[in-house]
Trainee: 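Dropping a structure here in C-alpha cells format, bear with me for questions.
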Protein chains: 2
Amino acid sequence: MYSVTSLKAELNERGWRLTPQRETILQVFQNLPEGQHLSAEDLHNLLLEDGEAISLSTIYRNLKLMARMGILRELELAEGHKHYEINQPAPYHHHHLICVRCNKTIEFKNDTILKTGAKTAQKEGYHLLDCQLIIHAICPTCQRSLLPM
Amino acid sequence: MYSVTSLKAELNERGWRLTPQRETILQVFQNLPEGQHLSAEDLHNLLLEDGEAISLSTIYRNLKLMARMGILRELELAEGHKHYEINQPAPYHHHHLICVRCNKTIEFKNDTILKTGAKTAQKEGYHLLDCQLIIHAICPTCQRSLLPM
DNA sequence: AGGATAGATGAGAATCTATTGCAACTTGGG
DNA sequence: CCCAAGTTGCAATAGATTCTCATCTATCCT
Ligand SMILES: [Mn+2]
Ligand SMILES: [Mn+2]
Ligand SMILES: [Zn+2]
Ligand SMILES: [Zn+2]
C-alpha cells in the first residue's frame, strides 16, 4: 500500500513538502473501511474528534492536491459536495452505482473497465490519474415511493 | 430522437407540465453539435443571445429535472460547475477523458461499458438513468508545462 | 547544526454556483 | 371556460470551496 515514504518522495520531487497534516490525511484514508467515503467536512470532524485538528482550508487544499497526484479519488456521490477515497489499483479498484434520489451507493468491481480506461488514456498520451464508471440510477426503494421528484 | 411529444407524455404521466421553457431547453440540447456541453450559465447566455431568455432559476430547476428523468446527462467536466448534454442511446452514447489541469476533454465510445452499466443497475434493481466512464488524467500539454500544480 | 527560502498552514473574509420563498402566471383536466 | 396544482421570475439566501495574508516550517545549503 502507498506509503508515507513514497508520498514524501513524490512531493519533494515536485518541490513540495511532506507536512504532518498531509501525513495524517493519508493515514486516515488508508485506514478507512472499504465502502466508506469522506467529504472535506467529514474528514475535518473526524480529525476533531481524534484531537488531530487540521484547518478546513488545509483539508480542502490537500484533498485536491492528493487527488491530482492520483493518491485519492474524487467522487460525486451526492449533490453539493465531493467525497474522497483512497485510489487503489487492480484488485481493489471499483466503481459506483448511485441512486440520484437518496444517494444510496453500491460499489462494484470490473476489471475490463480499468483496462479500457488505461488504454484510452495511453492512446491519447494522457497520464492516467483515476478511472471510474458512474452509474446514475434510481434505487428500488425510491422507485416505489412515487415521488415528488 | 427524443421528441417534444414524448417529453410532454413523460411529464404529464408524473403530474408535471410541458412549458415553453422546457421545450426550448430540450431543443437547444437536441441541436447542440456533438462534443459540446453546456453549463447552466452557458445555456442562459445562449438563450439570451437568441432572444429566448429563460430565468436562471428555471434553467437550474429544469436541467436537474431533465437529468433525473434521464433526458440529459450531468457531467463534471470542470471544477465548480456542472455541464449537460443530451443523453443518447447506444451508437451515440460515449464517455469522457478529462485533463484535470486544463479541462481539455476527449470523448470516446465503448459499447461494452454501457452494457456493463445496464447489467449492474438491473442486477441491483436500480432504474438506469445514465452510465458514464470518467477518466481523470493529465493531457500531454499539461504534462510538459511542469507545473505550479 | 544554524540559517535562508520557498512552501504550507490557519483563520476568516470573499466568491460563486445553486437553491429557495413567494407572488403572479400557466398548464392540463374536467 | 374554470380551477387546482404546477411553474416561472426575481430577489434573497445558502453552502461549499477558494482566497488573502500573516505566521510558521520543511527542505536545502553551508
Ligand atoms: Mn468507493
Ligand atoms: Mn459528451
Ligand atoms: Zn434511492
Ligand atoms: Zn491539460
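Proteins get letters first, then strands, A, B, ... in listed order; numbering begins at 1 in each. Heavy atoms only: backbone and side chains are in, while hydrogens, waters and symmetry mates are out.
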Trainee: For the side chain of A:S57, counting heavy atoms from C-beta on, which of D:dA16, C:dG10, D:dG9 is nearest?
Mentor: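 For the A:S57 side chain, the nearest candidate turns out to be C:dG10.
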Trainee: When you check the phosphate oxygens OP1 and OP2 of C:dA8, does a side-chain N or O of A:N62 lie under 4.0 Å from one of them?
Mentor: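 No, outside the criterion.
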Trainee: Where is the tightest heavy-atom contact between B:A137 and A:L128, given as atom of each residue plus distance?
Mentor: CB-CA, 3.9 Å
Trainee: Under 4.0 Å, counting only non-hydrogen atoms across every strand here, what does B:L18 touch: a base, just sugar-phosphate, or nothing?
Mentor: sugar-phosphate
Trainee: Look at the side chain of A:K82 and decide which nucleotide, out of D:dT17, C:dA18, D:dA16, has an atom nearest to it.
Mentor: D:dT17
Trainee: Does A:Y60 have a side-chain nitrogen or oxygen under 4.0 Å from the phosphate oxygens OP1 or OP2 of D:dT18?
Mentor: no
Trainee: In this structure, how many angstroms lie between the P atom of C:dT15 and the CD atom of B:E41, rounded?
Mentor: 16 Å
Trainee: Strictly below 4.0 Å: does B:K8 bring a side-chain N or O up to OP1 or OP2 of C:dT27?
Mentor: no
Trainee: Which whole-number value in Å describes the distance from A:N12 CG to C:dA6 P?
Mentor: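 Rounding to the nearest Å, CG of A:N12 and P of C:dA6 are 16 Å apart.
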Trainee: Measuring from the side chain of A:Q21 (C-beta onward, heavy atoms only), which nucleotide among C:dT9, D:dT7, D:dT18 has the closest atom?
Mentor: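 Of the options given, the side chain of A:Q21 lies nearest C:dT9.
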Trainee: Tell me if a side-chain donor or acceptor on A:Q143 pairs with a main-chain N or O of A:I138 at a distance below 3.5 Å.
Mentor: yes
Trainee: Please tell me which of the listed nucleotides, D:dT7, C:dG7, C:dG10, lies nearest to the side chain of B:R22?
Mentor: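 Closest nucleotide among those given: D:dT7.
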Trainee: Quick one: A:L65 CG to C:dT9 C1', roughly how many Å, whole number?
Mentor: 14 Å
Trainee: Whole angstrom is fine here: how far is it from CD in B:E23 over to P in D:dT7?
Mentor: 15 Å
Trainee: Of the candidate nucleotides D:dT8, C:dT9, D:dT17, which contains the atom at the shortest distance from the side chain of B:T19?
Mentor: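 Nucleotide nearest to B:T19's side chain: D:dT8.
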Trainee: Of all heavy-atom pairs between B:L7 and B:R22, which one has the smallest distance, and what is that distance?
Mentor: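 Distance-wise, the nearest heavy atoms are CD2-O, 4.1 Å.
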Trainee: What nucleotide among D:dT8, C:dA18, D:dT18 has an atom nearest to a side-chain atom of B:E79?
Mentor: D:dT18
Trainee: Measure from the side chain of A:R17, starting at C-beta and using heavy atoms only, and say which of D:dA4, D:dG9, D:dT27 lies closest.
Mentor: D:dT27
Trainee: Just by distance, no angles: are the side chains of B:E107 and B:H37 close enough, under 3.5 Å, to form a donor-acceptor pair?
Mentor: yes
Trainee: Given atom CD1 of A:I54 and atom P of D:dT17, what is their separation to the nearest angstrom?
Mentor: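 That distance rounds to 17 Å.
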Trainee: Check the phosphate of C:dT19 against B:R61, side-chain N and O only, distance under 4.0 Å to OP1 or OP2. Yes or no?
Mentor: no
Trainee: Closest to the A:T58 side chain: C:dG10, D:dG9, D:dT25?
Mentor: C:dG10
Trainee: Tell me: CG of B:L7 to P of C:dT27, nearest whole Å?
Mentor: 14 Å
Trainee: A:K64 side chain: which of C:dG10, D:dT17, C:dA18 is closest?
Mentor: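 Of the options given, the side chain of A:K64 lies nearest D:dT17.
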Trainee: Between B:P20 and B:H81, which is nearer to the 5' end of DNA chain C once each is assigned its nearest nucleotide?
Mentor: B:H81
Trainee: How close or far is atom C1' of C:dA11 from atom CG of A:L56, stated in whole angstroms?
Mentor: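 After rounding, the reported distance stands at 11 Å.
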Trainee: Can you measure A:D42 atom CG to D:dA16 atom P for me and round it to whole angstrom units?
Mentor: 11 Å
Trainee: Angle between ring planes, A:H95 versus A:F108, binned at 30° and 60°: parallel, tilted or perpendicular?
Mentor: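 Answer is tilted, since the angle falls between 30° and 60°.
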Trainee: Picking from B:I54, B:I25, B:L43, B:L72, what satisfies side chain to side chain contact (heavy atoms under 4.5 Å, CB included) with B:N62?
Mentor: B:I25
